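Computed from a predicted model, the values in this text were never measured in an experiment.
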Amino acid sequence: MDIKELKGVGEKTASILNRLSIYTAEDLIHLYPRDYDVYEKPVLVKDITKENEGHTIAVDGVIASGVQLYRAGHFSVVSVIVRDMDGNGIKANWFNMPYLKAKLIRGQRFVFRGYLSAKNGQRVLEQPVMWQPSEFQEQVGVYHPKYPLTRGISNTQMTRYVKEALKLCEEQLEQDPLPRWLRREKELAEYNFAVRTIHFPKNREEFLQAHRRLIFEEFFLFALSVSRLKDSKAQRPNTHVIPRSDWEEKLLASLPYQLTAAQKRTLSEIEADMAGPSVMNRLVQGDVGSGKTIVAAAALINAAAAGFQAAIMAPTEVLARQEYSTLSSILEQAGILVSVELLTGSLTPKRKREVQEQIADGTIQIVCGTQALIQDKVSFAHLGLVVTDEQHRFGVEQRTTLSGKGDDPHVLVMSATPIPRTLALILYGDLDISVIDQLPAGRKRILNAVVGREERPKIERFLSGKIQEGRQAYVICPMVEANPEIDAENVTDYSKELQKKFGKSAKVGMLNGRMKSDEKNSIMESFADGDIDVLVSTTVVEVGVNVPNATVMVIEDANRFGLAQLHQLRGRVGRGSEQSYCVFVTNDKSPAAMKRLEILVHTDDGFKIAEEDLKLRGPGEFFGDRQSGEFAFSAGDIYADSDILKEAAEAVDEVRRRDPDLSREEDELLKRRLLAFTEEKLEKIGL
């Protein structure tokens with residue numbers, strides 16, 4: 001059913017919904033809430049604690065002051081004092097809502113529900129919604145869905161459209177694709193109940209039933225797809241036998257350091273694969289700075305030495321250029337004559353044609369590039385090895401397209417995303433896994449600190465001192481621009497503020513994901529060249545250029561990021577011989593938030609951090625912070641729902657034991673659902 005058939009959805013609204021990949025009523029039904037707003041009973045002002053700060057609370061009280069109307073930066077602010085039944089007061093602020101001045105009358109009683117911030121030692125209720133006490137009481141305990149949104153549509157509108165879609169589709173129930181024995185054994189809710197209930201659960205128990213069912217199904221289908229994918233790959237014979245070469249010996253002998261035991265082990269596994277009877281499909285999972293690049297370089301030159309071409313694909317042009325520069329440099333240093341070239345979208349048409357022609361005739365032995373490598377015009381003479389860097393940034397289609405440029409080449413994928421091994425074995429079930437779990441000798445441990453916003457003057461003095469020493473720094477903010485409804489730092493204002501404070505003593509740059517690719521590349525290259533002293537950025541630098549001179553990382557509102565992502569960001573510093581520092585700034589100083597961030601202070605082992613994060617979240621905790629860029633499942637989270645992921649993987653083993661090809665009548669619906677999932681979902685998940 002086309003989305004425009006829903007009441008209130010015209011061409012304009014439909015085009016907005018299309019940006020969220022919503023084209024039909026069914027798509028809308030499967031847009032699950034990203035979170036819920038659960039209304040709790042009002043609290044007395046005296047009972048508000050530190051743990052409440054940074055969260056939404058409700059206060060039952062009367063307007064006890066006249067209305068103040070003033071300007072704060074770009075915003076107008078309406079402000080009153082609210083007193084509860086004990087006579088204790090709290091300030092309430094509304095941004096860009098001057099019309100409220102006439103409606104806020106002294107002595108009126110409401111339940112004020114809003115975000116509790118703490119600024120300059122004063123607690124403020126921000127943007128509170130006002131309810132009549134009797135009406136608010138009816139909302140207590142109710143789960144209000146919060147949906148993924150895009151510019152031009154509010155959560156209220158989205159909620160209304162979902163209700164309308166559920167109403168129109170309620171007579172078209174889908175048959176449950178999971179076998180009855182499996183649902184009974186795993187105590188899973190019926191599919192249609194789960195889909196309806198996930199949007200509007202009456203209570204936590206209903207939510208958990210629906211949530212667990214949908215997560216289980218998604219993980220189960222994923223694990224089943226991966227299991228069958230591995231079967232299809234296992235039979236492919238190796239038609240590109242690549243042994244260890246003398247060039248590799250020369251390369252390793254020319255390095256100013258020795259490989260770690262973990263690097264040697266990983267390289268031996270890769271060599272055994274490429275010289276073995278079957279095509280290699282291997283993941284190298286190594287922490288930030290663990291030395292994956294040199295391992296990949298050895299594999300690339302072995303391929304060239306054996307007479308084959310090799311390609312390495314990076315997710316950004318900056319990273320592709322860095323890999324090209326690094327590879328060219330170490331080969332020159334080792335005295336190895338190999339033709340290495342760069343292919344990216346920004347090359348001139350003439351140069352691009354030249355590179356494409358040289359790839360086609362085999363002149364170029366190793367090519368570094370971006371997705372420009374998978375364009376139709378690119379044709380390899382004899383591709384023997386494909387390497388994809390930061391693999392979770394690519395979907396299965398992109399990687400398959402690159403592999404398809406050759407005749408069953410070996411595939412090596414690299415990732416710095418720390419995923420506990422127990423989960424990695426499930427998520428990467430179609431790949432053999434190597435883990436580089438040691439850092440190169442000589443690297444100094446990054447010194448870390450967790451501080452509150454009140455420490456910012458000290459942070460700025462520290463930054464200034466390091467800049468005077470000739471070092472560079474990153475400052476990470478969670479937002480691009482200011483939002484009066486969200487108490488979080490933004491790149492736009494912060495960069496201007498820092499530039500004003502540093503004046504001519506430092507050059508401050510700004511970077512965010514909304515910028516055009518050319519602009520982002522230019523800024524990153526300026527930072528790498530030392531023309532920018534402080535780069536204020538969103539998490540777009542998570543996968544970025546190597547800047548050994550950058551020794552300070554400041555992450556504002558660190559409590560808003562997942563631990564794995566914080567660790568990835570921290571990995572941008574500590575890449576040279578100088579001492580490096582990372583400061584995690586948080587406005588949430590609750591014991592739980594501080595305990596979580598302190599994990600980063602006490603360990604720099606990404607895999608241990610992922611394990612600890614898993615323990616802190618605990619199984620069954622719903623909709624925790626999702627890790628950016630990795631495994632974007634619709635319902636589940638590989639960390640918070642790891643217990644269900646493992647259970648689903650075990651169920652796959654049982655299903656395949658009973659019916660390996662899903663040929664039984666009872667598995668017909670499952671087989672159809674699996675085919676649809678494989679076609680539609682794996683690309684989004686990134687495998």
Side-chain angles (χ1 to χ4, degrees), residues 25-36 38 143-148 162-163 165-166 169-227 423 426-427 617-624 626 631-656 658 662 666-678 680-682 684-685:
E26 290 76 14
D27 291 337
L28 193 56
I29 288 170
H30 292 103
L31 181 77
Y32 302 138
R34 60 179 174 80
D35 200 351
Y36 295 90
V38 185
Y143 278 53
H144 297 264
K146 294 165 69 174
Y147 292 100
V162 169
K163 285 182 177 178
L166 285 169
C169 295
E170 63 184 3
E171 295 180 4
Q172 303 173 20
L173 299 181
E174 293 186 40
Q175 289 182 278
D176 201 314
L178 296 187
R180 186 171 290 130
W181 68 264
L182 179 59
R183 299 202 307 270
R184 185 168 56 248
E185 184 177 294
K186 300 298 182 183
E187 298 181 342
L188 298 171
E190 190 271 334
Y191 175 77
N192 291 285
F193 166 84
V195 170
R196 288 194 303 268
T197 303
I198 199 66
H199 292 285
F200 305 106
K202 294 185 176 67
N203 50 51
R204 182 176 176 81
E205 183 180 352
E206 269 199 5
F207 162 77
L208 290 175
Q209 288 177 358
H211 189 237
R212 181 173 176 272
R213 162 57 205 251
L214 295 173
I215 292 173
F216 182 95
E217 180 175 321
E218 191 170 30
F219 284 165
F220 174 79
L221 292 170
F222 173 82
L224 185 54
S225 296
V226 168
S227 176
L423 303 187
I426 300 168
L427 295 167
R617 293 178 184 219
E621 181 179 316
F622 64 93
F623 298 115
R626 293 175 187 267
F631 303 111
F633 290 102
S634 299
D637 178 290
I638 63 170
Y639 294 94
D641 305 308
S642 63
D643 60 327
I644 304 178
L645 177 58
K646 293 171 186 175
E647 196 175 0
E650 291 167 1
V652 165
D653 292 339
E654 177 62 18
V655 167
R656 298 212 69 189
R658 290 180 179 227
L662 301 181
E666 66 175 346
D667 292 328
E668 178 60 30
L669 286 173
L670 174 58
K671 190 171 186 177
R672 290 211 303 260
R673 181 74 180 89
L674 178 66
L675 290 173
F677 178 88
T678 304
E680 298 169 14
K681 299 293 186 181
L682 285 188
K684 292 181 181 178
I685 291 169

So which heavy atom on [X] is nearest to which on [Y], and how close?
{"X": "Arg213", "Y": "Ala189", "answer": "NH1-O, 3.0 Å"}
{"X": "Phe200", "Y": "Lys163", "answer": "CZ-CG, 3.3 Å"}
{"X": "Ala194", "Y": "Leu214", "answer": "O-CD1, 3.9 Å"}
{"X": "Ala649", "Y": "Ala223", "answer": "CA-CB, 4.3 Å"}
{"X": "His199", "Y": "Leu28", "answer": "CE1-O, 4.2 Å"}
{"X": "Ala165", "Y": "Ala25", "answer": "CB-O, 3.9 Å"}

Distance in Å, [X] [atom1] paired with [Y] [atom2], rounded so as to fall on 0.5 Å steps:
{"X": "Glu190", "Y": "Gln209", "atom1": "CD", "atom2": "CD", "value": "12.0 Å"}
{"X": "Tyr147", "Y": "Leu31", "atom1": "OH", "atom2": "CG", "value": "7.5 Å"}
{"X": "Leu674", "Y": "Phe222", "atom1": "CG", "atom2": "CZ", "value": "12.0 Å"}
{"X": "Glu666", "Y": "Leu178", "atom1": "CD", "atom2": "CG", "value": "12.0 Å"}

For Phe219 and Lys646, what are the C-alpha separation, side-chain angles and deciding distance, and is it a side-chain contact (heavy atoms from CB on, under 4.5 Å)? CA-CA 9 Å; Phe219 284 165; Lys646 293 171 186 175; over 6 Å; no
Identified salt bridge (charged side-chain N to carboxylate O under 4.0 Å, His left out) partner of Arg212 from the options Glu217, Glu647, Glu206: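 Single pass found, and it is Glu647.
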Donor-acceptor pair, side chain of Arg196 and main chain of Leu166, under 3.5 angstrom: no
Any donor-acceptor pair under 3.5 Å from Ser225 side chain to Leu221 backbone: yes
Can a salt bridge be assigned to the pair Arg658 and Glu654 using a cut-off of 4.0 Å between side-chain N and carboxylate O? yes
Stepwise, does the side-chain contact (heavy atoms from CB on, under 4.5 Å) test hold for Phe220 with Leu670? CA-CA 11 Å; Phe220 174 79; Leu670 174 58; 3.8 Å; yes
Would you call the rings of Phe207 and His211 parallel, tilted or perpendicular if under 30° counts as parallel and over 60° as perpendicular?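 Aromatic pair Phe207/His211 classed parallel.
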We want to know whether Glu205 and Asn203 form a side-chain donor-acceptor pair, criterion being a heavy-atom distance below 3.5 angstrom. no
Ile198 and Tyr36: CA distance, side-chain angles, deciding distance, side-chain contact (heavy atoms from CB on, under 4.5 Å) verdict: CA-CA 10 Å; Ile198 199 66; Tyr36 295 90; 3.6 Å; yes
Verdict with supporting geometry, Arg656 and Leu224, side-chain contact (heavy atoms from CB on, under 4.5 Å): CA-CA 8 Å; Arg656 298 212 69 189; Leu224 185 54; 3.9 Å; yes
Member of Leu675, Val655, Leu669 meeting the side-chain contact (heavy atoms from CB on, under 4.5 Å) criterion with Leu662: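 With Leu662 as partner, side-chain contact (heavy atoms from CB on, under 4.5 Å) holds for just one option, Val655.
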